[in-house]
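Numbers for residues simply follow the sequence, beginning at 1.
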Amino acid sequence: MRKMKFNRLKNFVIIALAVTAVYQTVLLWLGSSAGHNFFYYFLSKENFLSRSENTEKTSVDPEKIIVGYGTKTFNVTYPGLFGNYISKTADNFILNVLKNKDEIYQEDTSVEKYIDKKCIVYDFGVRFSASEYMFGLGENIDLGIEFISRIIAVAGTDPSDVNRLYFVDEKNFKTAVVTSSDMRYNESMENMIKASSENDAEKLRYISTAQSGLYIFKTNVFVPQWTQPQLDYNRVQKQGIALKTKEEIEADLNTSLSGFFEGYSPLYSVDEEGVYILSSNSLVIKYYPNGIFEYYDYGQTKETKDKQTLSTAYYKCKEFLGQDKTLKTDLYLSDVYKSKGNELVFRFNYSVNDFPVILSEKVKEEINAEYAVEVVVENNSVKRYKRYAYDIFVNPAKTEATTVDFVNAMNKSITTMTESVNKIDDIVLGYYLSDDEDDGTLKWFIEIEDKSFVVNTQENIQE
């Protein structure tokens with residue numbers, strides 16, 4: 001009888017192992033994120049709306065930061081995910097105002113009034129709940145508004161004045177104003193704005209469409225201007241291990257990806273299509289000949305009492321990106337959306353020399369992605385990661401000049417439309433990266449009533 005019970009137990013263990021092996025094999029065989037939704041659906045048991053104050057968390061980063069000089073002129077910087085001198089100074093000021101607040105009230109939005117003085121503007125690429133942003137900062141403050149799309153920080157200029165934070169919900173035209181008489185970070189703000197003005201004296205200056213009476217724009221947009229007949233600049237160039245020899249690629253992969261396999265020695269192989277594959281336990285990394293880098297974690301996410309929110313998921317996302325030693329170009333957060341189950345998908349693009357880098361439609365089609373980087377977080381754990389794995393850097397040997405300003409660029413776009421134009425959504429000057437060339441030039445990117453336009457910055461180049 002004892003032997004019979006042992007045999008039954010042994011058979012049960014064998015069956016369980018077989019099922020597990022089949023499950024893991026199917027996961028590995030699927031190879032793309034689309035095929036895993038069925039499994040992730042059953043593994044998602046966390047409630048997205050629940051929170052834990054003890055969870056590691058962080059507030060989402062702005063897409064770009066605007067420095068206002070109090071003279072109706074501005075500078076725009078893309079600080080990246082890990083900040084720069086401007087963002088770190090402004091972060092300290094914002095937190096101090098919140099921690100030492102005197103008053104909170106709501107009013108109708110008036111951006112042109114808020115930016116009339118010296119100021120710092122956090123311009124977000126995504127719109128998110130005000131309570132979630134406070135949670136990410138570790139502050140339990142009710143701003144009295146539902147969403148945030150911009151934060152404007154204005155330091156008081158004398159002891160009788162107060163510091164002000166404007167939390168702007170542009171869609172609903174409402175703003176929460178937080179005041180504080182605590183001036184301990186005002187000198188740092190003043191010095192930072194002064195240094196920015198001096199350092200960027202020879203660079204582009206931006207104007208506000210709201211201050212300039214350009215009411216054809218749906219919301220306030222900061223647009224660049226140059227006082228000379230043309231703006232001289234350097235092209236950007238892309239560089240990645242896809243452009244290297246087989247031996248160089250293997251050496252780069254082994255050294256650069258070690259952070260993803262802490263405590264493990266990954267298995268390494270190359271398939272018949274030239275895809276480099278590294279795997280260990282439940283982790284699989286693929287590097288494709290066209291420069292696409294993919295990461296999959298097929299392991300089950302551990303059950304924890306800490307529920308996933310935007311702030312906790314973003315913390316894990318940034319922590320993970322910091323482990324990618326192949327990532328050397330700054331990123332900015334462009335989009336966030338909730339996928340199936342408890343998955344949050346963070347999308348990023350590159351920035352270089354305080355300009356965004358925009359992928360051409362041909363590149364997007366080739367890599368099957370709308371953005372340069374995509375990170376999927378489930379239950380506060382990164383499950384998938386995809387990146388257009390090229391470094392983008394300024395090439396000092398190649399210079400160009402822009403002769404088409406933003407007004408001419410708008411007119412070029414509007415004249416191509418058959419219907420009348422009521423409002424312009426956005427206009428951005430950025431680097432355009434295509435797969436036809438190894439370097440990129442500045443172009444205008446314009447959004448008009450759900451239509452996108454790319455306009456050259458030189459008159460003698462055919463559209």
Basic-acidic side-chain contact under 4.0 Å: [X], [Y]:
| X | Y | answer |
| --- | --- | --- |
| Glu400 | Arg235 | yes |
| Lys340 | Glu343 | no |
| Lys451 | Glu419 | yes |

Answer yes or no: are there more than 12 heavy-atom neighbours, outside [X] itself, under 6.0 Å from its atom [atom1]?
| X | atom1 | value |
| --- | --- | --- |
| Glu365 | CD | no |
| Lys64 | NZ | yes |
| Lys328 | NZ | no |

Compare all side-chain heavy atoms of [X] with those of [Y] and state whether any distance is below 4.5 angstrom.
| X | Y | answer |
| --- | --- | --- |
| Lys286 | Val284 | yes |
| Thr402 | Asp232 | no |
| Pro356 | Tyr332 | yes |
| Thr329 | Phe393 | no |
| Asn234 | Asn395 | no |

Report yes or no: do [X] and [Y] form a side-chain donor-acceptor pair below 3.5 Å?
| X | Y | result |
| --- | --- | --- |
| Asn342 | Asn379 | yes |
| Ser196 | Tyr69 | yes |
| Glu447 | Ser452 | yes |
| Glu132 | Thr309 | yes |
| Glu294 | Tyr288 | yes |
| Ser351 | Asp330 | no |
| Asp271 | Tyr276 | no |
| Asp354 | Thr77 | yes |
| Tyr432 | Asn456 | no |

Applying side-chain contact (heavy atoms from CB on, under 4.5 Å), run through Val375 and Lys316 and close with a yes or a no.
CA-CA 10 Å; Val375 182; Lys316 290 298 181 182; over 6 Å; no
Kindly indicate, with the supporting measurements, whether the criterion salt bridge (charged side-chain N to carboxylate O under 4.0 Å, His left out) is fulfilled by Lys174 and Asp169.
CA-CA 5 Å; Lys174 288 293 180 182; Asp169 178 3; over 6 Å; no
Check for me whether the distance between the ring centres of Tyr133 and Phe128 falls short of 6.0 Å.
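Close enough - the centres of the two rings lie under 6.0 Å apart.
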Where is the tightest heavy-atom contact between Tyr337 and Asp335, given as atom of each residue plus distance?
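Answer, listing the atom of Tyr337 first, then Asp335: CD2-OD2, 4.0 Å.
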Check Phe355 against Tyr78 and note the closest heavy-atom contact, atom names and distance.
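Scanning both residues, the minimum pair turns out to be N-CD1, 4.1 Å.
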Donor-acceptor check, side chain of Gln237 to backbone of Val394, threshold 3.5 angstrom: yes or no?
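No, Gln237 side chain to Val394 backbone: no donor-acceptor pair under 3.5 Å.
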Please check this pair: side chain of Thr209 against backbone of Asn220, looking for a donor-acceptor N/O pair closer than 3.5 Å.
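Judged by distance alone, no pair lies under 3.5 Å.
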For Ser212 and Glu112: C-alpha separation, side-chain torsions, deciding distance, then whether side-chain contact (heavy atoms from CB on, under 4.5 Å) applies.
CA-CA 9 Å; Ser212 303; Glu112 59 268 31; over 6 Å; no
With Asp324, which of Arg387, Lys318, Lys386 fulfils salt bridge (charged side-chain N to carboxylate O under 4.0 Å, His left out)?
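By the salt bridge (charged side-chain N to carboxylate O under 4.0 Å, His left out) criterion, Asp324 pairs with just one of Arg387, Lys318, Lys386: Arg387.
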Please report the C-alpha distance between Glu107 and Lys113 in whole Å, then the side-chain angles of each, then the deciding distance to 0.1 Å, and finally whether the salt bridge (charged side-chain N to carboxylate O under 4.0 Å, His left out) criterion is met.
CA-CA 12 Å; Glu107 65 182 26; Lys113 179 184 75 173; 3.6 Å; yes
With Tyr385 as reference, evaluate Val373, Val377, Val376 under the side-chain contact (heavy atoms from CB on, under 4.5 Å) test and give the passing residue.
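The side-chain contact (heavy atoms from CB on, under 4.5 Å) with Tyr385 is passed solely by Val373 among Val373, Val377, Val376.
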Before giving the answer on ring pair (Phe, Tyr, Trp, His ring centres under 6.0 Å), spell out for Phe348 and Tyr371 the whole-Å C-alpha distance, their side-chain angles and the decisive distance to 0.1 Å.
CA-CA 6 Å; Phe348 302 87; Tyr371 299 85; 9.2 Å; no
Taking the cut-offs as 6.0 angstrom to the six-membered ring centre and 45 degrees off its axis, would you call [X] and [Y] a cation-pi pair?
| X | Y | value |
| --- | --- | --- |
| Lys443 | Tyr431 | no |
| Arg384 | Tyr296 | no |
| Lys238 | Tyr390 | yes |

Could you please spell out the steps behind the side-chain hydrogen bond (donor to acceptor under 3.5 Å, both in side chains) verdict for Tyr122 and Asp91?
CA-CA 10 Å; Tyr122 280 18; Asp91 283 347; 2.6 Å; yes
For residues 209-238, which residue pairs pass the ring pair (Phe, Tyr, Trp, His ring centres under 6.0 Å) check, not counting sequence neighbours?
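The answer is Phe74-Phe222.
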